[in-house]
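Below is one structure, written out as structure tokens, with a few remarks after it.
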Amino acid sequence: MSAYAQLLDAAIQDLEARKAGGQRFVVVAPDTLGALAAPVPRVRPVEAPATVARSRPAPAAPVSVPAAAPAPARAPLFPSVRPVAPAVVVTPAAQPPAGPAVDQSAAFAELRTRVLACLKCPHLVTSRQSVVFGVGDPHAQLMFVGEAPGADEDRQGEPFVGAAGQLLTKIITAMGQTRQSVYIANVLKCRPDKPPGEFGNRKPTPDEMATCLPYLLEQIQLIQPQIIVALGGIAVEGLFGIPDAQITRRRGNWMDFRGTPVMPTFHPSFVLRREAELADKGRAIKRQVWEDMLQVMERLALPISEKQRGFFK
Ligand code: URA
């Protein structure tokens, strides 16, 4: 049976199980509905950066992106369904930049459409509320990469909007940046599922991360950030395909991801957990994260005040 037929079977089984359990409707994001109603486009692999018009010089080495398998032609699943109102909030599409970078913008929009309609992991297709693509400036010089959406992100369709996200936003602001001036994405675009009745988050499996990684590679290839901050050991594991990142040992030490410098640091959730546990309210860990960010700011030649240098000392 083809992968497509397996996915279709999984979706039908899930819907039948929900119906048998008394469920009368399912919540579908407008973007997903639109993607389901449209014929599947034949996907071309994204071209090498040399062909992508850029508004600034492209410093990073090209990231090789595996060619997507040709998608099977299919009839629309729900051709007559029209959403009355958005069922969930979805990440706003990137605004097309002024000037010549139209090709990059079109390629980014095409990638986003493809990712929002992804069916590669049947178990996540049936459990997710949203595909969490990413947010921020598609031309950002600084990119943050986390592990996977949590419950809040799944609901809102935007990365890092829960408690950890609020801390990340504070860190970004302390750097003199905004969520709109950087780019934020995750290794995994769907929330890792949990058995019914179980709460909390689950770590993405190596298989899930390897399946989703090509999307992140394409995002990096198109954004061409000057620096990537990897948030936590799982982000390092997913990006570099290594089994145990040992983030405590690795943080603060530059890594290289196919020509782009990567600064590994602690995940904001870890900082929040330590803050709750420690008498000094996690000040030492916050200082470590902040020292990592000072290195990033120095490398990007961002202005740093004396006050900023002294945070959490
Ligand atoms: N943790 C992550 O790694 N990513 C999110 O988007 C939210 C929490």
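Residue indices begin at 1 and follow the sequence shown. One-based numbering, in listed order, for ligands and for the atoms of each. Keep in mind that the numbers below use all heavy atoms, side chains included, and drop hydrogens, waters and symmetry copies.
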Intermediate values then yes/no, side-chain contact (heavy atoms from CB on, under 4.5 Å), Leu300 and Val296: CA-CA 6 Å; Leu300 288 173; Val296 169; 4.0 Å; yes

Intermediate values then yes/no, side-chain contact (heavy atoms from CB on, under 4.5 Å), His267 and Val271: CA-CA 7 Å; His267 193 285; Val271 177; over 6 Å; no

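Here is the list of ligand 1 atoms found below 4.0 Å of a heavy atom in Pro159: 6 (O). When each atom of ligand 1 is checked for a heavy atom of Gly146 under 4.0 Å away, the hits are 3 (O).
By the criterion of a heavy-atom distance under 4.0 Å, both the backbone and the side chain of Glu147 are placed next to ligand 1.
Heavy atoms of Glu158 come nearer than 4.0 angstrom to ligand 1 in no pair at all.
When hydrogens are left out, the protein atom nearest atom 4 (N) of ligand 1 is Asn186 OD1, 2.8 Å; that is the closest non-hydrogen contact. In terms of protein heavy-atom proximity, atom 1 (N) of ligand 1 is closest to His267 NE2, 3.3 Å.
Note: an N/O pair closer than 3.5 Å links Phe160 and ligand 1 by distance alone.
Under the 4.0 Å criterion applied to side-chain N and carboxylate O atoms, Arg179 and Glu158 are assigned as salt-bridge partners. In summary, Glu277 and Arg273 do not engage in a salt bridge, as defined by a charged side-chain N under 4.0 Å from a carboxylate O.
Aromatic ring orientation, Trp290 versus Phe312: perpendicular (interplanar angle above 60°, classes split at 30° and 60°).
Residue nearest to atom 5 (C) of ligand 1, selected from Pro268, Ala164, Ala148: Ala148 (by heavy-atom distance).
A cation-pi arrangement, defined by a distance under 6.0 Å to the six-membered ring centre and an angle within 45 degrees of its axis, is present between Lys120 and Tyr215.
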